[in-house]
Amino acid sequence: MLQSLSSKPYKADYKEAGGYILKYSVGSIPHKTEVVVPLTYADYYYVKALVRYDRLLRGEKVIKQ
């Protein structure tokens, strides 16, 4: 999933998509809101997942207990 989101067409190029990292995200399909738009909280969870993956690769704890 991270590999897919980190490649085109999902990841925005520098100075594209108004400064967002991901070009396309979805807030709520049933409510028809925030569909296929960049979202701040989508970028947050994407970066959080990248940090966890990096920690995993370095052999560090991924989840604090």
Side-chain angles (χ1 to χ4, degrees):
M1 189 181 299
L2 287 176
Q3 226 173 9
S4 180
L5 288 173
S6 297
S7 64
K8 289 188 180 241
Y10 302 106
K11 189 170 169 241
D13 290 329
Y14 181 67
K15 291 190 176 182
E16 181 183 19
Y20 289 92
I21 299 170
L22 300 174
K23 291 192 277 188
Y24 309 112
S25 305
V26 175
S28 176
I29 291 176
H31 295 99
K32 297 179 183 169
T33 59
E34 300 176 322
V35 178
V36 191
V37 294
L39 298 170
T40 303
Y41 58 91
D43 283 357
Y44 168 80
Y45 287 111
Y46 172 68
V47 171
K48 187 172 181 173
L50 289 173
V51 169
R52 283 185 171 196
Y53 182 61
D54 181 59
R55 288 180 180 159
L56 182 69
L57 291 177
R58 290 188 283 143
E60 297 177 8
K61 279 191 175 183
V62 176
I63 299 173
K64 294 180 183 180
Q65 295 180 356

How long is the straight-line distance from [atom2] of [Y] back to [atom1] of [X], given to the nearest 0.5 Å?
X	Y	atom1	atom2	value
Asp54	Leu2	CG	CG	11.5 Å
Ile21	Thr40	CD1	OG1	10.0 Å
Tyr41	Lys48	OH	NZ	15.5 Å

For Ile29, is the CD1 atom crowded, meaning more than 12 foreign heavy atoms sit under 6.0 Å from it?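 No - once you tally the heavy atoms of other residues, nucleotides and ligands closer than 6.0 Å, there are 12 at most.
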When you look at NZ of Lys23, are more than 12 heavy atoms from neighbouring residues, nucleotides or ligands closer to it than 6.0 Å?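 Count over threshold, so yes.
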According to a hydrophobic-cluster definition based on side-chain heavy atoms being under 4.5 Å apart (Ile, Leu, Val, Met, Phe, Trp, Tyr only), do [X] and [Y] belong together?
X	Y	result
Leu39	Met1	no
Tyr20	Tyr44	no
Leu22	Tyr45	no

For the student: nearest non-hydrogen atoms of [X] and [Y], plus distance:
X	Y	value
Ser4	Tyr10	O-CD1, 3.3 Å
Ala12	Ala17	CB-CB, 3.8 Å
Lys8	Asp13	NZ-OD2, 3.0 Å

side-chain contact (heavy atoms from CB on, under 4.5 Å), that's the test. Do Val62 and Tyr53 meet it? Break it down for me. CA-CA 8 Å; Val62 176; Tyr53 182 61; over 6 Å; no
